[in-house]
2 protein chains.
Amino acid sequence: MNEDVKDLNLSVLKAFTLLEAFVGDKQKWGVRELAKKTGYNKSTTYRLLNTLESIGVLQKNDEDKYLLGLKLFELGNLVSIHKSLRKHSRQPLEQIAREIKETVHFGVLDKNQVLYLNKTESPQGLKVSTQIGSYQKAYCTAIGKVLLAFSSEEKILEYLKKTALDPCTVNTITDQHVFLKELQKIKKQEYALDMEELELGLICIAIPVFNNKNQIIASISVSGPSSRFKLENIGNYLSIIKKGVQAIENSINNYN
Amino acid sequence: MNEDVKDLNLSVLKAFTLLEAFVGDKQKWGVRELAKKTGYNKSTTYRLLNTLESIGVLQKNDEDKYLLGLKLFELGNLVSIHKSLRKHSRQPLEQIAREIKETVHFGVLDKNQVLYLNKTESPQGLKVSTQIGSYQKAYCTAIGKVLLAFSSEEKILEYLKKTALDPCTVNTITDQHVFLKELQKIKKQEYALDMEELELGLICIAIPVFNNKNQIIASISVSGPSSRFKLENIGNYLSIIKKGVQAIENSINNYN
DNA sequence: AAACAGCGTTTCATATAATGAAACGTTTTT
DNA sequence: AAAAACGTTTCATTATATGAAACGCTGTTT
């Protein structure tokens with residue numbers, strides 16, 4: 001827990017390490033479980049959880065397990081970074097989802113990863129479901145590849161320097177030169193495809209969103225199972241998504 | 001900072017007291033400002049802010065002020081309490097807002113207050129704008145009065161015992177007996193009005209959302225300026241909102 | 001029915017880590 | 001040029017977080 005530790009408050013770090021455990025599938029935690037996971041002493045864990053509960057950051061359910069509490073919901077909704085983007089993306093995403101009937105995502109590049117700012121889920125039973133606020137690898141998602149393709153050359157090279165192109169499926173692009181070629185192609189055709197590069201059976205298409213200085217600021221993607229997502233639909237999908245992108249670009253550049 | 005303090009971690013409490021300062025209009029804070037506001041020592045404040053920044057809970061902007069960071073956005077989106085309600089309310093709210101063109105809210109009763117879980121803002125320039133995740137007084141909002149009106153008698157009496165009906169405007173109901181009569185009326189007519197009881201110039205109408213045991217679980221409201229919100233529209237509004245309520249009730253009771 | 005194992009919780013001596021006044025180096029204002 | 005305001009660092013002091021052990025409780029196993 002060290003290295004070049006400045007002068008950080010250890011209790012606060014521990015408290016948030018405990019909260020970090022709730023990022024993932026497991027939503028309910030007991031004291032001993034969390035103590036085991038984090039390596040903190042049972043007593044310490046107990047007292048920290050107790051503290052967090054007393055202020056609504058955690059909440060106990062009927063079986064006395066801890067859940068993330070509404071104080072975090074409150075604080076999370078106050079985060080001003082990208083707030084305007086989130087707001088203006090909402091209705092266009094709904095519209096796209098209504099027309100295409102697949103899950104639509106809206107994301108930006110943050111810390112060299114895709115950060116999902118908003119989504120609208122497909123009304124169909126079989127669908128992609130991502131967590132808003134979560135991060136995903138950029139190099140094997142359509143949305144991430146678009147965001148990189150329209151970034152500056154320095155940024156792309158810096159990305160490749162810092163990121164290992166580890167395979168997620170057999171289709172993942174793992175060679176840097178092939179990847180750079182892919183980005184060039186994306187920039188030229190103005191959209192990206194993810195042909196089961198992140199997950200087998202999952203296909204995505206993404207389009208860039210620009211500000212009025214023509215810099216990329218976000219991207220919209222549509223994701224669906226390969227069983228439904230046919231290449232002959234791409235032209236149709238592109239025109240529907242582009243309408244949404246237009247709407248977002250207009251409202252961002254005019255109203256904010 | 002005491003009374004019957006159990007055994008809480010003071011640093012963690014302080015950290016969240018600092019974060020609490022961001023609840024409100026002021027989004028950007030400096031070290032000394034926050035130290036002054038909270039009463040904590042400058043050094044302590046500095047170190048806590050530093051700690052929170054190191055893990056993304058806070059973030060510095062270009063002028064070196066602290067903002068709420070994306071870690072809180074991530075955690076806030078993971079809060080599972082009422083998650084299903086939030087999700088299923090989204091599309092019906094959009095639909096209502098499209099038809100009525102006023103701001104639509106979706107809320108529940110939490111700690112004797114209205115907790116706003118979702119909203120869709122009016123497309124018009126002059127509009128109501130509330131913060132999702134924030135709390136509002138129940139006794140002078142349409143949404144709160146509906147939620148109370150369909151609660152059990154014990155709950156209502158407990159509410160009145162704990163809550164002072166302080167006036168917000170000249171129209172606020174401040175007499176307990178008048179208020180109880182109002183709740184009875186609301187229960188009978190199955191909707192509530194807020195005739196400028198919270199804020200002058202602001203009118204709202206709200207309808208209950210029930211689960212399949214016929215218990216109230218939430219409420220939808222439409223809010224608009226008195227200049228646009230005419231009593232002759234109420235019948236029309238009610239039928240539009242009821243469609244949305246139906247949609248929510250169906251999806252909640254079937255899919256979850 | 002008794003023993004056991006799991007849980008959250010409390011105790012208390014110990015040591016660690018949080019604390020704050022003062023001083024520092026910058027930047028902004030006067 | 002001086003002063004004020006800012007974030008930051010120092011260091012001796014002391015308050016507080018710590019963890020092993022014991023506790024009481026609940027549900028399961030013997």
Side-chain angles (χ1 to χ4, degrees), chain A residues 1-22 25-69 71 80-81, chain B residues 1-22 25-69 71 80-81:
Chain A
M1 203 198 270
N2 301 49
E3 246 152 81
D4 70 313
V5 166
K6 282 178 171 178
D7 193 9
L8 305 178
N9 185 300
L10 299 184
S11 296
V12 173
L13 287 181
K14 282 179 191 165
F16 277 95
T17 304
L18 289 173
L19 293 179
E20 206 67 48
F22 293 81
D25 311 317
K26 197 163 165 54
Q27 298 181 349
K28 305 182 280 183
W29 290 88
V31 175
R32 279 172 138 97
E33 278 178 307
L34 266 172
K36 197 172 178 185
K37 181 183 166 77
T38 55
Y40 303 150
N41 183 283
K42 192 159 48 82
S43 306
T44 302
T45 307
Y46 167 71
R47 282 182 288 237
L48 287 171
L49 292 175
N50 214 345
T51 304
L52 292 169
E53 192 212 351
S54 75
I55 50 179
V57 171
L58 289 175
Q59 191 165 321
K60 273 188 191 165
N61 68 1
D62 23 283
E63 40 174 348
D64 259 310
K65 298 283 179 188
Y66 288 96
L67 302 175
L68 293 183
K71 176 56 74 185
S80 54
I81 301 156
Chain B
M1 205 199 268
N2 301 47
E3 246 152 84
D4 71 316
V5 165
K6 282 177 171 180
D7 195 7
L8 305 177
N9 186 299
L10 300 184
S11 295
V12 173
L13 287 182
K14 282 179 192 165
F16 277 95
T17 304
L18 289 174
L19 293 178
E20 205 67 48
F22 293 82
D25 312 315
K26 197 164 165 54
Q27 298 181 349
K28 306 182 279 183
W29 290 88
V31 176
R32 278 172 137 98
E33 278 178 307
L34 266 171
K36 197 171 177 186
K37 182 185 166 79
T38 55
Y40 304 150
N41 183 283
K42 191 159 49 85
S43 305
T44 302
T45 307
Y46 166 72
R47 282 181 290 237
L48 287 171
L49 293 175
N50 213 347
T51 304
L52 292 169
E53 192 211 349
S54 75
I55 50 180
V57 171
L58 289 176
Q59 192 166 319
K60 274 190 191 164
N61 68 2
D62 24 282
E63 38 174 350
D64 258 311
K65 298 283 178 189
Y66 289 96
L67 302 175
L68 294 182
K71 176 55 74 185
S80 54
I81 301 156

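Here is the naming used below: chain letters follow the sequence lines, and residue numbers restart at 1 for every chain. Computation of the quantities below employed the complete heavy-atom set of this structure, encompassing side-chain atoms and omitting hydrogens, waters and symmetry-equivalent molecules.
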Undergrad: What's the spacing between Leu48(A) CG and Thr38(A) OG1 if we round to 0.5 Å?
TA: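 So the CG of Leu48(A) and the OG1 of Thr38(A) are separated by 9.0 Å.
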
Undergrad: Could you check Leu48(B) against Lys42(B) and say which one's nearest nucleotide on DNA chain C is further toward the 5' end?
TA: Leu48(B)

Undergrad: What closest approach, in Å, do Tyr66(B) and Asn50(B) show between heavy atoms, and which atom pair accounts for it?
TA: OH-N, 4.2 Å

Undergrad: I need the Leu18(A) CG to Leu13(A) CG distance, nearest 0.5 Å.
TA: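 That separation rounds to 11.0 Å.
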
Undergrad: Take atom CD of Glu53(A) and atom P of dG8(C), then tell me their distance rounded to the nearest Å.
TA: 13 Å

Undergrad: Atom CG of Leu49(B) to atom P of dT9(D): distance rounded to whole Å?
TA: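 Distance check: Leu49(B) CG to dT9(D) P gives 14 Å.
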
Undergrad: What's the spacing between Glu53(A) CD and Leu8(B) CG if we round to 0.5 Å?
TA: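 With rounding to 0.5 Å, CD (Glu53(A)) is 10.0 Å from CG (Leu8(B)).
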
Undergrad: In whole Å, I'd like the distance from the NZ atom of Lys65(B) to the P atom of dA5(D).
TA: 13 Å

Undergrad: Per the atom types in the model, does the base of dT9(D) pair as donor or acceptor with the side chain of Ser43(B) at under 3.5 Å?
TA: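 Donor-acceptor pair under 3.5 Å: yes.
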
Undergrad: Can you name the atoms? Protein N/O to nucleotides 16-18 of chain C N/O, anything below 3.5 Å, with the distance.
TA:
from	atom 1	to	atom 2	distance (Å)
dA18(C)	OP1	Leu10(A)	N	2.8

Undergrad: Please give me the minimum heavy-atom distance between Ser43(A) and Asn41(A), naming the atom from each residue.
TA: N-OD1, 2.7 Å

Undergrad: Round to a whole Å and report the spacing from OH of Tyr66(B) to P of dC6(D).
TA: 14 Å

Undergrad: Rounded to whole Å, please give me the gap between CD in Glu63(B) and C1' in dG7(D).
TA: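 Spelled out: CD on Glu63(B) to C1' on dG7(D) is 14 Å.
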
Undergrad: Could you check how far NZ of Lys36(B) sits from P of dG7(D), rounded to whole Å?
TA: 12 Å

Undergrad: Examine the base of dG7(D) for any acceptor or donor lying under 3.5 Å from a partner atom in the side chain of Arg32(B), and report the outcome as yes or no.
TA: yes

Undergrad: Please state whether the phosphate of dA21(C), meaning OP1 or OP2, lies under 4.0 angstrom from any side-chain nitrogen or oxygen of Asn41(B).
TA: yes

Undergrad: Rounded to whole angstrom units, what separation is found between the CG atom of Asn50(B) and the P atom of dT19(C)?
TA: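 Atom CG in Asn50(B) sits about 14 Å away from atom P in dT19(C).
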
Undergrad: What is the distance, to the nearest angstrom, from the CH2 atom on Trp29(B) to the C1' atom on dG7(D)?
TA: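 That distance rounds to 17 Å.
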
Undergrad: Between Phe16(B) and Phe16(A), is the ring centre distance below 6.0 Å?
TA: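 Aromatic pair counts; centres sit under 6.0 Å.
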
Undergrad: How far apart are the closest heavy atoms of Gln59(B) and Ile81(A), and which atoms are they?
TA: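 Of all heavy-atom pairs spanning Gln59(B) and Ile81(A), the closest is OE1-CD1, 3.3 Å.
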
